[in-house]
Number of protein chains: 2
Amino acid sequence: MRGVLSDSALGRQVNGQLVMDYIVQHGPISRAQVAKMSGLSKQTVSELVLMLEEHGWVREVGIVQGKLGRTAVTYELNPEAGYVAVADIGGTQIKLGVADVSGKLLEEVRIPLAAEGQQVADQLLHGINDLLAKNGIRQDKLLQLVVGVPGVVDRQKKQVHHSPNLPALQGGWLEEQLRESLKTQVLLENEVNLATIGEQWKGKGQQHGSFIFVAMGTGIGMGVVLDGKLWRGARGFAGEIGYMPVLDTIDPMVKQRGALESVASGHAILTQYATLTGQPATSLPEVFALAEAGDAVALGVMDSVAMSCAKAIAATATVVDPEVCILGGSIGSRPEMLVRVQEWLGKMMDEPLPVEANHLGKSAGLFGAIALALQAVNSRYFSPQHTFGEVVIPSA
Amino acid sequence: MRGVLSDSALGRQVNGQLVMDYIVQHGPISRAQVAKMSGLSKQTVSELVLMLEEHGWVREVGIVQGKLGRTAVTYELNPEAGYVAVADIGGTQIKLGVADVSGKLLEEVRIPLAAEGQQVADQLLHGINDLLAKNGIRQDKLLQLVVGVPGVVDRQKKQVHHSPNLPALQGGWLEEQLRESLKTQVLLENEVNLATIGEQWKGKGQQHGSFIFVAMGTGIGMGVVLDGKLWRGARGFAGEIGYMPVLDTIDPMVKQRGALESVASGHAILTQYATLTGQPATSLPEVFALAEAGDAVALGVMDSVAMSCAKAIAATATVVDPEVCILGGSIGSRPEMLVRVQEWLGKMMDEPLPVEANHLGKSAGLFGAIALALQAVNSRYFSPQHTFGEVVIPSA
DNA sequence: TTTACTTCGTTCATATTACGAACTAAATGG
DNA sequence: CCATTTAGTTCGTAATATGAACGAAGTAAA
């Protein structure tokens, strides 16, 4: 029981994880079935299921009759084994939610975003505590909190960088405060990355091991999933394609704001339309309406933005070669944008990368946060570092 | 002994792999030292080392005296446990080599490249057989062959695609012929990817878990290493940045040849110089000499190529966020190109990605092939699929 | 209703693997 | 020459997984 991987409890870990997986994935299932599918012997499975049951991770569901042979007792993941909280700090509001370990979202609330950093932290704290109270969840049953932020997250230092829309979030204070107040593990994650994980879990990414998710809204960002794993980059900067150089001129202003973002985003649509017409910038829905009505300038702007977006996708495709690109965000999810991007990609690439519309819309972020939280919980309680399946009170 | 991960031999596999690693990494080492470092008990280590010795993977080196305490018997990787062959099919010649499992290159030869596809295959076969014979290596001791090819390799189908300079290599016939004739496992791999693995193993990549390697020669290509693993892409197309769109015009010809390759490569230097001067294209060394002598046109061409290259690197940096970029290839490894690329990157990026000159030069490909071959051998003989460390005769 | 059959799940004897403690071996160093 | 130190082995014990046998609890059919 000393060495890192030395004792035979390693096998127990692996097999326990395996049995847990079968129960989670294949819903109510009998021990005999798990044994058949996993190749483990029946008693080993029985032992492991007993252990999982004692720790509260699985529970008996019922019995299966009607088939030939003895009645089978079936087991499933115990949703009450624990809970996770998720938050998504957007441009104008905060979305909050609690989910159980089966991934079921129990409740969701939206709060208008406060102006100041410390107020935002308080909003998160109170919001989550309210949700826990209303759903009768004890604090020690809260296993993980995941917060989506509009910025680059350094996972090692647990700090937020490059958060132009909400500079108050920068640094590591938010994570620390939430962790200490809620007495649970806290993960901060870039909002586009969360939406990407969401699409992977419940959206178009399910069929694909490697894909990119491009979110075009006010700004533009990307999530990169390679072999089923989100790639965050050496400094958490992966997918920040707003800074991708696509112009031929090198403009110091562009370097600041992000080269691609200045030509492929909601912001770009407004500026370009204003510049071309000489009129002060109108609203985005207005430009879209004008384009649909056949306005030449609006159509030209749409096309130019689609081209820049396609260029970024094509460039990315040569670097990481994904199976597919999922296009999302408030602009990117519009069908007229999707077709234009596809058209331009066809002109740029010999074998154009398939581009699909996203599936989850605005909920992708929260779903992704739940998925990430469950991943974290899973790797925490079923990794070789811990005693098998034992629920420890998560704290610093 | 039935289930996939079911029997306790799994632990044996893991611990055997662990002990093997310590012996390989820490040179001549005693069993007591391995026990201390790994956390395994002394007898477990003794058992495993005995097993490894019986299978021929390790051997006794000698004894350590002079220190306090009993003499220690030290062990090391047995270089004669097996051999790998490597080949690099270049533009004008084939490089061949054989190495032992310790990674030591025993002999290297160069052969002028034959004109026709089947002739190339024969050259490989005869060349490798000659090398084996000269170095007294029995065919059943040849555990792996790795061949570097100038094209995109589909690992699932074991086929070569997009090989414009050597179209005869396309398809899966080469792998099949080599495997059946040499009766060993064969891996084909893109030459830039091999150079990347080479830099990772023995070059600048050693200090970095995630980096990109840009090879600018006649054409331009890139290798992507993320968290220590070469990323090949869904179809083996990752890093084919020759096709990256960087121009503002969409030219069907450019789509064919590759947009970036037409502005950032040896080929581009020649064409641009010829266009600007109106003279027929000169040779590359000539253009470099002119630039050094202060010729304005030559300097302009250099700068323009460096800018395009920097743009591709900056674009890649926003997508994968590597720690560093290693610049190589016959053009890229020139210091005057390196500084220019660094200069341009400074203008394009807020926190410019560090760019370093490559370390291994033209041998990177062969080194990478050896590293890849050893990886393949390692995962073959020490993976849970096989009986621990048992040498099986590799065949179809 | 009884009997045969099928499948679920447990009990039991056995094999593998790892560990720690005790022991032997072989050197150094005064 | 003997204490000390380190290397390596022997041996008893504990954990884990297995397969075979067995008991349990249903269906199917005579």
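Computed from a prediction, not measured in an experiment: that's the story for all the values here. First the proteins, then the strands, lettered A, B, ... as listed; each starts at 1.
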Considering just the side-chain nitrogens and oxygens of A/Thr44, establish if one lies under 4.0 Å of OP1 or OP2 belonging to D/dT16.
->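 No.
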
Under the side chain to side chain contact (heavy atoms under 4.5 Å, CB included) rule, collect the residues that match up with B/His208, sequence neighbours excluded.
->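 Counting only residues at least two positions away or on another chain, B/His208 forms a side chain to side chain contact (heavy atoms under 4.5 Å, CB included) with B/Phe211, B/Glu323, B/Val324, B/Glu356.
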
Looking at residues at least two apart in the chain, or sitting in another chain, which of them share a side chain to side chain contact (heavy atoms under 4.5 Å, CB included) with B/Ala371?
->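 Result, side chain to side chain contact (heavy atoms under 4.5 Å, CB included) vs B/Ala371: B/Ile197, B/Trp201.
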
Using whole Å, what does the distance between atom [atom2] of nucleotide [N] and atom [atom1] of [X] come to?
X       : N      : atom1 : atom2 : value
A/Asn15 : D/dT16 : CG    : P     : 11 Å
A/Lys67 : D/dA24 : NZ    : P     : 24 Å
B/Leu50 : D/dT9  : CG    : P     : 9 Å
A/Gln65 : D/dT27 : CD    : C1'   : 10 Å

B/Ser30 side-chain N/O to B/Ala72 backbone N/O, donor-acceptor pair under 3.5 Å |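 Between the backbone of B/Ala72 and the side chain of B/Ser30 there is no qualifying donor-acceptor contact (under 3.5 Å).
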
Going 5' to 3' through nucleotides 4-12 of chain C and flagging B where a protein heavy-atom sits under 4.0 Å of the base, S where only the sugar-phosphate is that close, and - otherwise, we get --BBBBBB-

Tell me which of A/Glu47 and A/Ile63 sits closer to the 5' end of DNA chain D, going by the nucleotide each one is nearest to.
->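 Comparing both residues, the 5'-ward one is A/Glu47.
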
CD/B/Glu80: more than 12 non-hydrogen atoms of other groups inside 6.0 Å |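 Open: at most 12 neighbouring heavy atoms sit under 6.0 Å from CD of B/Glu80.
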
May I ask you to say whether A/Lys158 pairs ionically with A/Glu176, meaning some side-chain N is under 4.0 Å from a carboxylate O?
->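 Result for this pair is no, no salt bridge flagged.
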
Between B/Asn378 and B/Gln17, is any pair of side-chain heavy atoms under 4.5 Å apart?
->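 The answer is yes; the side chains approach within 4.5 Å.
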
